[in-house]
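Notes for the one structure printed next.
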Amino acid sequence: QVQLVESGGGLVRAGGSLRLSCTASGSIFTVNAMGWYRQAPGKQRELVATITSGGTTNYADSVKGRFTISRDNAKNTVNLQMNSLKPEDTAIYYCNAILRSTNTPTFYNYWGRGTQVTVSS
């Protein structure tokens, strides 16, 4: 079994900062890309940022220059530093990992349960 567990969400005022963390654990053989997605009320889930095992990053235009994604491959951890937060960043943030567990040769997409980020104006 594989689990992704997020932490670090909360309530912050506009202009403030939050740091999200996510750790993948369980019967993991190798992890490919990791990332963060978010879903606001009444909207579809959208990509926030992703990072490959080699460190290549990709950001949504709406967060470029404000958010920074990083990862620790040895710990199967991905972080999202969010600065200059805006009310429109309010959403449930989900951790994502494309990984291969020890009992299969196939890579699968795994999701965490999500953590709430609320930015007040």
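Note that the structure is a prediction, hence the values are computed from the model and not measured. For the single chain, residues carry numbers from 1 onward in sequence order.
Side chain of Q1 to main chain of S27: no donor-acceptor pair is present (N/O by atom type, distance under 3.5 Å, no hydrogens or angles). At least one donor-acceptor pair under 3.5 Å links the side chain of N96 to the backbone N or O of Y110. Without hydrogens or angle criteria, R71 side chain to T52 main chain gives a donor-acceptor distance under 3.5 Å. Without hydrogens or angle criteria, T90 side chain to V119 main chain gives a donor-acceptor distance under 3.5 Å. With N32 contributing its side chain and I98 its backbone, the two residues share no donor-acceptor pair below 3.5 Å.
In this structure, R100 forms a cation-pi arrangement with F29, its terminal cationic atom sitting closer than 6.0 Å to the ring centre and no more than 45° off the ring axis.
Applying the 6.0 Å contact sphere to CD of Q3 captures no more than 12 heavy atoms from other residues, nucleotides or ligands. For R113, the CZ atom counts as loosely surrounded, since its 6.0 Å shell holds 12 or fewer non-hydrogen atoms of other residues, nucleotides or ligands.
Residue A14 comes nearest to P87 through the heavy atom pair CB-CD, 4.1 Å, listed as atom of the first residue, atom of the second, then distance. The two residues I51 and S70 have their closest heavy-atom pair at CD1-CA, 4.0 Å. Across all their heavy atoms, A97 and V31 have their closest contact at CB-CG1, 4.4 Å. Listed here is the closest heavy atom pair of L20 and M82: CG-CE, 3.7 Å. The heavy-atom pair separating V2 from L99 by the smallest distance is CG1-CD2, 3.9 Å. Across C95 and V78, no two heavy atoms sit closer than the pair SG-CG1, 3.8 Å.
Hydrophobic clustering places I28 together with Y108 (ILVMFWY residues linked when any side-chain heavy atoms are closer than 4.5 Å, directly or through intermediates). L80 and V12 fall within the same hydrophobic cluster, where Ile, Leu, Val, Met, Phe, Trp and Tyr residues are linked whenever their side-chain heavy atoms come under 4.5 Å apart, directly or through other members. Put simply, V117 and L4 are part of the same group of oily side chains (I, L, V, M, F, W, Y) that touch within less than 4.5 Å, one to the next. I92 and W36 are not part of a single hydrophobic cluster, where members link through side-chain heavy atoms under 4.5 Å apart.
Distance check: L47 CG to Y59 OH gives 11.0 Å after rounding to the nearest 0.5 Å. Put simply, OG on S25 and NZ on K75 are 14.5 Å apart, with the number rounded to the nearest 0.5 Å. Note that CZ of R13 and OG1 of T118 are 14.0 Å apart. Values are rounded to the nearest 0.5 Å.
In summary, the side chains of N79 and Q81 do not present any donor paired with an acceptor at a separation below 3.5 Å, with no hydrogens or angles considered. Under the 3.5 Å distance criterion, with hydrogens and angles disregarded, a donor-acceptor pair is assigned to the side chains of T23 and T77.
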Evaluate side-chain contact (heavy atoms from CB on, under 4.5 Å) for Y94 paired with R45, printing each intermediate quantity in order.
CA-CA 9 Å; Y94 296 91; R45 190 173 298 189; 3.5 Å; yes
Derivation and outcome, side-chain contact (heavy atoms from CB on, under 4.5 Å), residues L11 and Q116
CA-CA 8 Å; L11 173 64; Q116 178 71 47; over 6 Å; no
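Using a 4.0 Å cut-off between a side-chain N of Lys or Arg and a carboxylate O of Asp or Glu, E46 and R38 qualify as a salt bridge. Ion pair D89/K86 not flagged as a salt bridge, since none of the NZ, NE, NH1 or NH2 atoms sits closer than 4.0 Å to an Asp/Glu carboxylate oxygen.
Note on ring orientation: taking the six-membered ring where Trp is involved, the planes of W111 and Y37 are perpendicular (angle over 60°, cut-offs 30° and 60°).
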